[in-house]
Amino acid sequence: MANILVTGGAGFIGSHTCVELLNAGHDIVVVDNFSNSKPEALKRIKAITGKDFKFYELDILELDKMDKVFKENSIDAVIHFAGLKAVGESVEKPVEYYHNNITGTLMLIKAMRQNGCKRIVFSSSATVYGVDNPVPYVETMPTHTSTNPYGYTKVMIEQILTDVCASDPEWSVSLLRYFNPIGAHKSGLLGEDPNGIPNNLFPYIAQVAVGKREFLGVFGNDYDTPDGTGVRDYIHVMDLANGHLCAVDYVLEHKGVEAVNLGTGKGSSVFDVLHAFEKACGRELPYRILPRRAGDIAWCYANTDKAKEVFGWTAKYGLDEMAEDGWNFTKNNPDGL
Ligand code: NAD
Ligand code: UFG
């Protein structure tokens with residue numbers, strides 16, 4: 001069993017992954033500045049697992065403090081979730097996004113290098129496939145364009161980590177390209193808790209279901225898709241969390257860099273997600289058709305062969321379970337964590 005540093009461990013995907021790491025018997029050290037999360041998430045990880053862990057409230061940009069974390073703990077590998085993730089906000093605040101995500105990662109790499117830790121699992125995104133590649137997305141496709149600064153931070157960090165590997169064959173890097181994570185932990189204690197008005201489909205529907213928002217705005221019903229709405233590869237956050245266990249095992253035993261898609265390989269439309277949520281909460285939810293959202297594409301789903309081959313991992317849960325677990329969390333925590 002290993003000692004894993006988890007940056008951004010209080011966030012949505014990080015907190016669920018911490019649960020799975022602890023349940024698998026790993027030790028974890030969590031770092032977060034709570035810029036998009038709450039301390040309550042850490043209490044809930046402890047409540048679910050019955051296990052304790054070290055936590056540092058700090059910004060990964062602070063190299064001295066990050067260096068101290070490595071000096072005080074013997075870290076075998078890092079899972080790097082910490083980053084800003086709102087696509088629209090990244091267009092408004094490109095400098096803040098590039099600084100937090102890219103400089104933050106550079107500081108993390110420096111702290112790792114200073115302490116001889118050379119294994120990292122990075123939270124990348126399907127957004128690196130840009131707008132020109134055909135679906136399903138395969139890891140060998142070119143990834144050098146994006147439609148927004150957030151997407152470019154992922155493209156650039158993948159490049160930086162690839163270059164680090166090329167410069168030093170001791171490094172081991174896993175670039176995990178997530179598709180659309182939704183759902184929540186079965187306990188109803190952990191889930192997605194966005195600040196303000198949700199940008200993403202699933203938390204928005206959840207807020208309509210608890211009466212916080214009047215209706216869902218469907219961004220376009222004239223795409224070239226079966227029902228005209230955008231198609232995405234939604235993946236249960238616990239499946240995603242499990243993918244990280246495989247990635248950690250992989251970087252502990254191999255060197256070099258691998259990019260791996262974490263998706264289900266199945267596309268679902270906006271209406272598919274809405275209807276699954278309606279089934280889970282037992283009533284119809286109001287929606288209105290709105291114009292397309294800038295930067296959106298019609299189709300996005302994964303080819304999942306490489307995850308199966310390299311990690312022996314496949315997603316287990318379908319859309320109904322994602323909706324049931326997401327609703328269970330929202331109904332138990334209507335005001336979030
Ligand atoms: P999140 O915002 O819930 O979690 C990110 C965490 O990082 C938060 O707890 C935040 O407080 C922390 N953080 C941000 N900047 C920090 C800094 N400088 N120092 C310390 N902590 C910092 O987001 P999430 O949905 O859990 O996403 C985790 C990662 O996965 C992100 O890198 C995101 O870009 C990536 N990702 C997410 C999605 C998605 O749809 N949720 C899709 C693809 C990729
Ligand atoms: N949508 C709506 N109404 C809403 C929100 C979304 O109709 O209120 C639609 C979108 O147009 C899209 C689909 O629902 O067709 C999914 O939208 P999301 O915002 O939930 O997710 P995206 O696929 O746009 O983006 C997500 C993450 C990004 C990541 C990308 C690829 O937010 O960070 O997946 O991994 F880059």
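Read the numbers this way: they start at 1 and go in the same order the structure lists the ligands and their atoms. Remember, predicted model here, so these are calculated numbers, not experimental data.
Atom CG of L106 and atom CZ of R113 lie 9.5 Å apart (nearest 0.5 Å).
By heavy-atom distance, the residue among Y234, Y150, F12, F81 lying nearest atom 29 (C) of ligand 1 is F81. The heavy atom nearest to atom 40 (O) of ligand 1, out of those in P181, G151, S90, is found in P181. Among G83, A10, S37, S124, the residue whose heavy atom lies nearest to atom 5 (C) of ligand 1 is G83. In the candidate list V270, L274, L290, V270 is nearest to atom 14 (O) of ligand 2, counting heavy atoms.
Heavy-atom distances between V31 and ligand 1 stay at or above 4.0 Å for every pair. Within the 4.0 Å heavy-atom cutoff, W299 does not count among the residues contacting ligand 2. Proximity of L61 to ligand 1 is not established, as no heavy-atom distance is less than 4.0 Å. Judged by the shortest distance from any of its heavy atoms, C300 lies outside the 4.0 Å radius around the atoms of ligand 2.
Remark: ligand 2 and Y204 share no N or O pair separated by less than 3.5 Å (distance only, no angle test). Between F219 and ligand 2, at least one pair of N/O atoms sits closer than 3.5 Å. Looking at ligand 1, you'll find an N or O of G11 within less than 3.5 Å of one of its N or O atoms. At least one N/O-N/O distance between K154 and ligand 1 falls below 3.5 Å.
The protein heavy-atom contact nearest to atom 19 (N) of ligand 1 is I60 N, 3.0 Å. Protein heavy atom at the shortest distance from atom 17 (C) of ligand 1 is N33 ND2, 3.4 Å. Looking at atom 12 (C) of ligand 2, its nearest protein heavy atom turns out to be R232 NH2, 3.7 Å. D32 OD1, 2.7 Å is the protein heavy atom nearest to atom 11 (O) of ligand 1. Among protein heavy atoms, atom 27 (C) of ligand 2 sits closest to N200 ND2, 4.0 Å. The protein heavy atom nearest to atom 26 (O) of ligand 1 is I13 N, 2.8 Å. Scanning all protein heavy atoms for the shortest distance to atom 16 (C) of ligand 2 gives Y234 OH, 3.4 Å.
The contact set between ligand 1 and D59, taken as ligand atoms under 4.0 Å from a residue heavy atom, comprises 17 (C), 18 (N), 19 (N). Close approach to L58 involves these atoms of ligand 1, each under 4.0 Å from a residue heavy atom: 19 (N), 20 (C). Ligand 1 places these atoms under 4.0 Å from at least one heavy atom of S123: 29 (C), 30 (O), 32 (O), 35 (C). Atoms of ligand 1 found under 4.0 Å from any heavy atom of F34 (numbered from 1 in listed order, with element): 11 (O). Residue S35 has at least one heavy-atom neighbour below 4.0 Å for each of these atoms of ligand 1: 10 (C), 11 (O), 13 (N), 14 (C), 15 (N).
Counted within 6.0 Å of NZ on K38, heavy atoms from surrounding residues, nucleotides or ligands total more than 12; the atom is thus considered enclosed.
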Should Y152 and Y98 be marked as a ring pair (Phe, Tyr, Trp, His ring centres under 6.0 Å) after you check the CA-CA gap, both sets of side-chain angles, and the distance that decides it? CA-CA 8 Å; Y152 273 115; Y98 286 122; 7.4 Å; no
Intermediate values then yes/no, ring pair (Phe, Tyr, Trp, His ring centres under 6.0 Å), Y223 and F271: CA-CA 13 Å; Y223 285 104; F271 285 129; over 10 Å; no
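K306 and E258 are joined by a salt bridge, as a carboxylate oxygen and a charged side-chain nitrogen come within less than 4.0 angstrom of each other. K212 has a carboxylate O that lies under 4.0 Å from a charged side-chain N of D335, or vice versa, which qualifies the two as a salt bridge. Salt-bridge annotation for R292 and D222: present, with a side-chain N of the basic residue lying under 4.0 Å from a carboxylate O of the acidic one. With respect to E96 and K93, no salt bridge is recorded, no charged nitrogen being found less than 4.0 Å from a carboxylate O. The pair E62-K68 does not count as a salt bridge, with every side-chain nitrogen at least 4.0 angstrom from each carboxylate oxygen.
Under 4.0 Å from ligand 2, heavy atoms of L201 appear from its side chain as well as its backbone.
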